[in-house]
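Please read the structure below before turning to the comments.
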Amino acid sequence: MKIEIETLLKQALTHLCAQGVLPINPGSNPTVTRSKDPQHGEYASNLAMTLAKSAGLNPRDMATAIVEALPASEVIDRVEIAGPGFINFFLNPESNTRAVAQILEQGSQFGLSDIGKGKKILIEFVSANPTGPLHVGHGRGAAYGAALADLLAAAGFEVEREYYVNDAGRQMDILAVSVWLRYLELCGESLPFPVNGYRGSYVKQIAEDLFNQQQHQLREPVLEVLADLPKDEIDGGDKEIYIDALIQRARKLLQNRYDIVFNIALNIILDDIKNDLAEFGVHYQYWFSERSLEKKSLACLEKLQQAGYLYEKDGALWFRSSDFGDEKDRVVQRDNGQPTYFTSDIAYHLEKIERGYDRLIDIWGADHHGYIPRVNAAMQAMGLDAGKLDILLVQFAILYRGKEKVSMSTRSGEFVTLRELRHEVGNDAARFFYIMRRSEQHMDFDLELAKSQSNDNPVYYVQYAHARICSVFRQLKEKNFVYLQAQGLKHLDRLTETHETALIKTLGRFPEVIENSALTAEPHQLTYYLRELANAFHSYYNAHQFLVDDADLRNARLALVEACGYVLRNALSIIGVSAPESM
RNA sequence: GCGCCUGUAGCUCAAUCGGAUAGAGCAACGGCCUUCUAAGCCGUAGGCUGCAGGUUCGAGUCCUGCCAGGCGCGCCA
C-alpha cells in the first residue's frame, strides 16, 4: 500500500517536471509514512515540504500542485493538504479490510518480504569463549542475534548463523591448567590455586569427569609442578607471569597428555553451551573453530608482510592499523612467537568473505567496541571490502538483585548463568525481555522482578491475546456455532466498529514492521508492535462479542480474529517466543 | 586525558530519512466480571526530552560546547 502511494507520487512528479513546474526530477523516492493521527488519514507524505525550496514555491502551494498532478487511484478515497504542507491520504474502507483477506490467504507466510532479494548474510553471534557456561550477559546477544537472524530471513535474506569458537589461545590454556589443578586435588594432592585461574564450580565438575575417566594417569608430583615457579600475586608476584609459567610447566610435565586435559575441558564446556543455546531456541548452522585457522593466520601474516603493513618492534610483529584509521598499531605476533587473537580474527574475516556472503554481521558485546577499527583496518589491508561487514554492538545487561548490583566476573565464578535465568523465568520471558530494549541501550535487568513471574511481564500479555483467540474458537463449538471463513470474507464490510478498523489497521502494518525492523536491525520494534497488536485485540475483545447470532457478522468477526491469531503467531515465532493455545 | 554508547513521566523504556499535539508498560488514583479466560478493558494524573548555543518551514533526533553515567584505551580474548 505504501509502495502504491509512493508510485502515485512519483508519477505526479514526472508530470510536474514535464510541465516545468519542477526544475529537475529529484529522483529520490518520495517519503510516505503512516499517520499517527487518524485525522491525518492513513498515510502522509512530506514531499511538498522537501521540494518547495527548489521549485520556488511555498510548501502549501507545492502540495496543491502535487495533489493536482496525482493520477486517480482506486484505493484512495481522498487526499488532503494539512499543516505546513503534508499531503494526507485517506483510503477506501475496502482497501483497509483487504488486509484480512490477505492474511487468511497467506497464513503463516503473511508478513514475509522479499526486500532482501535472497542476498546471503552470515550472522555471527554469542561466540563466547568456551571457558565457562554462558551467563546472562551472553543471553542478550543470543536473543538479539537469533531474533535478528530470523527477522532478516523473514525479510527475504538468505541467512546463516555462526558461532566462532575461541578454542585457541591463552584463556583456554588457563582453563586447562585450572582443571588440571582441581584434578590433582582429587588425586589427593594439596597445592595453591592460582589467582588468575578459573574458580567456578564447573571447573571442579570437569575435573571430576577427568578423574573418573583417567584415574591417576595425569598425576604429577606437586613438588615438580611447583618447582621454581615465579611468585603468584598473593605472594607479591605477578599473576599473569605466574599463570603463564604454570601453563608451561603443565605442558612440559604432561607432554602429549596435556591435550587430553585441554580437549576434555573444551568439549564439556562447548557441549554445555550448545545444549544451553538449543534449549533457548537459538540454533546455528556452523560452529567455527579458531584452531582451524592456524594456517590461514600465517598466510595472512605473510600477505600483510609482503604488502609492507608489518614491522618488528620490541621483538614482536606489529600491524600498521593506524594507517587505516585505528588509533595505534597492533601486535599480530607476540615476542614469544605466538600469534595474537587479532591475527586469528583477520584470518577469520578473510575466511568469511571467501565463503561468498554479500554481507557479514558480527554481533559483539559493547566492551569490544574498541576492537572495531582494527578489524576494519585489517580488512582494508587485506584488500577486502570492509563495507560488507557490519559490527553491531549489544550493551551489557546490568544485573540487579533487588537494588543490589550483581558483579559479573567469569574468573571469580560469581555469575548468574543463562541456564539459571531460563529455568527461573522461562525461555519465553527471557527471550522477550532481552530484545524488548534497543540493543545499544544499557539495560537494567532486575532478577528479582524477572523471577517474580509477576504480571508486569509483557510476554504474558501478548501470549494471553493468542490464548484468548484459541479459546474463542473452542467456545464456538461448545455453543454449536459454525465458522465459515468464506462467508466471513464476503462480509468484511460489516466490520465497521472503531475497535475493528483499529485492529485491521494494526494487522495490515505487520509487513512494514518486519521490513523496517529487519533493515534497521532492531528486533525490539517487533515487541512493541506485538504489544500494540495485543492491546488492539484485548480492547476489541472487551468491547464486542464475537460469537453473535447474526451469522454474517459472526463470520466476519471470526475471520478478523483468525487473522489476528496468524499475525500474533508469525511475529512471536520470529522472536522465538511460543504462542500458547491456553493459559 | 582520548574514543565509543547513553541521558525522554516517580521507575523501565518507545518515538519511522528531521515531521503534525513526545507515547507505552509498571507504580498511583477512579471505574468495568450473570456475557467468547479480569494474565483483560476504560478513565485520571504525571514532561523545560541533562544544560547552553547553532542549523531550518520544522529538532528528542543533525552540528558545537559543557554536565552526568556506562564501557574501552594489553604482546588478554
Side-chain angles (χ1 to χ4, degrees), chain A residues 28-29 31-37 39-40 44 46 49-50 52-53 58-60 82-86 88 127-129 131 166 168-172 174 196 240 290 313-318 327-328 330-336 338-342 344-345 365-373 393 395-396 398 436-438 440-446 449 453-461 463-465 467-476 478-479 481 512-513 516-517 520 524-525 527-528 531-532 534-535 537-548 558 561 582-583:
Chain A
S28 64
N29 274 344
T31 312
V32 174
T33 52
R34 285 256 176 196
S35 306
K36 288 177 201 158
D37 189 335
Q39 285 186 344
H40 299 140
N46 62 357
M49 291 179 286
T50 59
K53 199 170 251 184
N58 76 47
R60 301 270 314 195
F86 288 102
N88 293 331
S127 301
N129 283 351
T131 52
N166 295 122
R170 189 165 164 265
Q171 296 301 330
M172 282 306 299
I174 294 176
N196 222 8
E240 306 288 352
E290 181 186 356
K313 194 182 85 179
D314 303 332
L317 204 53
W318 296 69
E327 55 184 22
K328 56 181 173 183
R330 307 292 174 175
V331 170
V332 286
Q333 196 171 62
R334 291 191 280 263
D335 57 7
N336 65 7
Q338 291 294 309
T340 60
Y341 169 82
F342 177 45
S344 302
D345 232 7
D367 56 333
H368 285 65
H369 72 256
Y371 201 82
I372 295 173
L393 300 177
Q395 291 288 341
F396 274 147
I398 302 163
M436 224 165 43
R437 275 106 206 215
R438 233 168 68 235
E440 317 90 274
Q441 186 68 251
H442 300 276
M443 175 172 133
D444 286 349
F445 202 127
D446 187 340
L449 188 73
Q453 294 262 13
S454 74
N455 303 337
D456 308 351
N457 209 325
V459 69
Y460 295 122
Y461 179 79
Q463 290 180 319
Y464 186 45
R468 267 184 158 175
I469 289 171
C470 296
S471 172
V472 168
F473 283 94
R474 283 193 297 268
Q475 281 292 318
L476 178 77
E478 281 184 28
K479 293 194 174 181
F481 280 127
E512 290 165 32
V513 173
N516 205 39
S517 46
T520 54
H524 76 272
Q525 289 186 21
T527 65
Y528 278 84
R531 210 140 59 161
E532 265 179 67
N535 177 249
F537 172 77
H538 284 310
S539 298
Y540 179 34
Y541 182 96
N542 273 274
H544 300 284
Q545 192 77 16
F546 306 152
L547 302 175
V548 290
L558 287 174
V561 169
S582 66
M583 288 173 74

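Residue numbers start from 1 in every chain, and the chains themselves are labelled A, B, ... in the order their sequence lines are given, proteins ahead of strands.
- With centroids closer than 5.5 Å and planes inclined by less than 30 degrees as the test, Phe86(A) and the base of rA20(B) pass as a stacked pair.
- Distance noted for atom P between rU16(B) and rG23(B): 13 Å (whole Å).
- Considering only the side chain of Arg438(A), rA15(B) comes nearest among rC36(B), rA15(B), rG19(B).
- Within the 4.0 angstrom heavy-atom criterion, no nucleotide atom of any strand lies near Ala543(A).
- The residue His538(A) sits close only to the backbone: its heavy atoms come under 4.0 Å of sugar-phosphate atoms, none of a base.
- Backbone-only engagement by Lys328(A) is indicated by non-hydrogen atom pairs under 4.0 Å involving sugar-phosphate atoms exclusively.
- Among the atoms of the strands shown, none is found under 4.0 Å from any heavy atom of Phe473(A).
- Checking rC36(B), rA77(B), rC42(B) against the side-chain heavy atoms of Arg334(A) singles out rA77(B) as nearest.
- Within 4.0 Å of Tyr461(A), counting heavy atoms only, lie sugar-phosphate atoms of the nucleic acid but no base atom.
- At a threshold of 4.0 angstrom between heavy atoms, the contacts of Asp345(A) with the nucleic acid are absent.
- Legend: residues meeting side chain to side chain contact (heavy atoms under 4.5 Å, CB included) with Gln545(A), ordered by chain and number and at least two apart, are Lys479(A), Val548(A).
- The residue Tyr371(A) sits close to a base: some heavy atom pair falls under 4.0 Å.
- Backbone-only contact: Glu327(A) has heavy atoms under 4.0 Å from sugar-phosphate atoms and none from a base.
- One cannot find a donor-acceptor pair under 3.5 Å joining the base of rG72(B) and the side-chain atoms of His368(A).
- Not a single donor-acceptor contact under 3.5 angstrom links the side-chain atoms of Asp367(A) to the base of rG72(B).
- Heavy atoms of Arg330(A) sit nowhere under 4.0 angstrom from any nucleic acid atom.
- A stacking contact between His369(A) and rG72(B) is absent: the pair does not combine a ring-centre distance of less than 5.5 Å to the base's six-membered ring with planes differing by less than 30°.
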Notebook entry, point to check: How does RNA chain B look in dot-bracket notation if pairs are Watson-Crick or G-U with both distances under 3.5 Å, crossing ones as [ ], other-strand ones as |?
Noted result: (((((((..((((.....[...)))).(((((.......))))).....(((((..]....))))))))))))....
